Amino acid sequence: MKIAIFSESPTDEAALKILIEGILGEEIEETPYPNNLRSRGSGVIRDVPAVVRAVYYNTEAEFLVIVCDSDDSPIHKKEHLEPNNKDSERCQLCRLRVVVRATLKTLGSKPGKGNFKVAVGVTVPSIEAWLLCGKNPSASEATWINKQKEKGLNTYNDRRNLKIELYGAAVTSMAIMIECGTEAAKRLAENIKYLEELFPDGFGEIAREIRSWKK
């Protein structure tokens with residue numbers, strides 16, 4: 001399967017490739033973006049239309065996976081799907097879905113792209129929580145739901161501590177971060193269901209969608 005992966009950093013994308021292979025139970029062929037199109041930091045949602053169009057028109061990718069951190073946004077709930085739900089306007093997953101759906105509607109027909117699909121996911125509160133699943137007992141969506149109830153939406157220090165725990169306090173090398181992230185992803189890929197259980201909305205949703213792509 002030819003899949004393009006778009007996220008907040010090369011570290012995230014390297015780990016996501018391994019997790020996607022864990023979901024599918026097979027190796028994938030990661031398709032690079034044209035013109036080195038990449039997002040950094042919180043610009044994922046902003047760049048989604050350009051990324052979807054670039055991957056659709058200028059690559060051989062059959063599928064596209066887009067993932068961003070929830071940061072301090074409300075955690076996705078089923079209630080967000082109800083009409084006029086105000087929290088859905090701030091929910092990262094809902095916002096991603098809206099932008100992707102709108103962009104897909106603008107795409108023209110292209111040979112070989114009749115089955116092109118996009119899956120979106122949101123890490124709660126950041127991808128480091130996923131990658132620490134099974135090692136840090138607080139790495140779960142339930143933990144962050146409770147933290148938001150207790151502390152509101154400002155979880156910056158909590159997210160910073162997750163990064164320190166995964167990568168180390170003094171790590172500045174991208175290569176080291178990618179190494180740490182991929183090793184964690186390899187561990188999780190062997191027990192992908194556990195990650196789905198602890199992150200049912202962020203990871204579980206995208207895992208189910210990606211599995212539906214298998215023929």
Side-chain angles (χ1 to χ4, degrees), residues 5-23 38-47 65-77 80 87-88 90-96 120-207:
I5 304 169
F6 185 66
S7 192
E8 298 190 5
S9 74
T11 303
D12 294 6
E13 290 163 3
L16 287 167
K17 179 181 184 292
I18 295 168
L19 294 178
I20 292 167
E21 291 176 336
I23 292 167
R38 286 186 178 275
S39 177
R40 290 294 175 265
S42 59
V44 170
I45 294 178
R46 175 199 65 211
D47 293 339
V65 174
I66 301 173
V67 176
C68 70
D69 295 345
S70 67
D71 293 330
D72 291 334
S73 66
I75 294 173
H76 181 73
K77 299 177 182 177
H80 292 181
D87 281 340
S88 68
R90 295 182 296 151
C91 168
Q92 294 281 61
L93 185 59
C94 292
R95 292 174 64 207
L96 270 176
V120 298
V122 170
T123 59
V124 178
S126 63
I127 197 169
E128 288 78 23
W130 283 8
L131 298 177
L132 288 168
C133 181
K135 286 201 166 184
N136 182 330
S138 67
S140 70
E141 279 178 5
T143 294
W144 299 103
I145 290 172
N146 290 332
K147 280 184 180 293
Q148 287 189 344
K149 288 178 180 178
E150 295 170 4
K151 303 167 63 174
L153 294 178
N154 186 3
T155 60
Y156 171 79
N157 287 332
D158 299 294
R159 288 184 277 118
R160 180 175 178 273
N161 289 337
L162 288 172
K163 290 182 183 295
I164 291 172
E165 183 176 350
L166 182 62
Y167 306 122
V171 170
T172 57
S173 165
M174 181 66 70
I176 293 175
M177 293 176 68
I178 290 175
E179 182 181 354
C180 293
T182 54
E183 285 303 312
K186 288 176 183 177
R187 172 180 59 84
L188 290 165
E190 296 178 358
N191 189 11
I192 210 75
K193 287 291 186 182
Y194 185 59
L195 187 57
E196 290 182 67
E197 290 171 5
L198 293 188
F199 293 87
D201 288 317
F203 187 77
E205 291 266 347
I206 196 170

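Everything numeric here is computed off the predicted structure, so don't read it as measured data. When a residue number appears, it is its place in the shown sequence, counting from 1.
To the nearest 0.5 angstrom, M177 atom CE is 4.5 Å from T11 atom OG1. Put simply, OG on S70 and CZ on R159 are 7.5 Å apart, with the number rounded to the nearest 0.5 Å. Between E141 atom CD and L198 atom CG the span is 9.0 Å, to the nearest 0.5 Å. Considering CG of L131 and CG of L162, their distance stands at 10.0 Å, rounded to 0.5 Å.
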- Message: Using salt bridge (Lys or Arg N to Asp or Glu O under 4.0 Å), reason through K17 and E21 one step at a time and then give a plain yes or no.
- Response: CA-CA 6 Å; K17 179 181 184 292; E21 291 176 336; 2.8 Å; yes

- Query: Between I127 and V67, does a side-chain contact (heavy atoms from CB on, under 4.5 Å) hold up when you go through it step by step?
  - Reply: CA-CA 9 Å; I127 197 169; V67 176; 5.6 Å; no

- Task: Could you please spell out the steps behind the side-chain contact (heavy atoms from CB on, under 4.5 Å) verdict for W130 and D12?
- Result: CA-CA 11 Å; W130 283 8; D12 294 6; over 6 Å; no

- Does the pair N146 and T143 meet the rule for a side-chain hydrogen bond (donor to acceptor under 3.5 Å, both in side chains), with working shown? CA-CA 5 Å; N146 290 332; T143 294; 6.0 Å; no

- Message: Between D69 and V122, does the side-chain contact (heavy atoms from CB on, under 4.5 Å) criterion hold? Intermediate values first, please.
- Response: CA-CA 5 Å; D69 295 345; V122 170; over 6 Å; no

- Query: Stepwise, does the side-chain contact (heavy atoms from CB on, under 4.5 Å) test hold for T123 with F199?
  - Reply: CA-CA 8 Å; T123 59; F199 293 87; over 6 Å; no

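Of all non-hydrogen atoms in L96 and G121, the two that sit nearest each other are CD1-O, 3.8 Å. Between W144 and A129, the shortest heavy-atom distance links the atoms NE1-CB, 4.2 Å. Across all their heavy atoms, G181 and A15 have their closest contact at O-CB, 3.9 Å. Shown here for Q92 and I45, the closest heavy-atom pair between the two residues is OE1-CD1, 3.1 Å.
Scanning for salt bridge (charged side-chain N to carboxylate O under 4.0 Å, His left out) contacts around E179 gives an empty result, with sequence neighbours left out. The side-chain contact (heavy atoms from CB on, under 4.5 Å) test applied to E196 returns I192, K193, F203, A207, R211, not counting sequence neighbours.
For E128 (side chain) and L166 (main-chain N/O), no donor-acceptor pair under 3.5 Å exists by modelled atom type. In this structure, N136 contributes its side chain and L132 its backbone to no donor-acceptor pair below 3.5 Å. Using modelled atom types, no side-chain atom of S7 and backbone atom of C68 make a donor-acceptor pair closer than 3.5 Å.
Using a 4.5 Å heavy-atom threshold, the side chains of V44 and F6 count as touching. Counting heavy atoms from C-beta outward, L195 and L19 have side chains that approach closer than 4.5 Å.
The pair E183-R187 does not meet the salt-bridge criterion, since no charged nitrogen lies less than 4.0 angstrom from a carboxylate oxygen.
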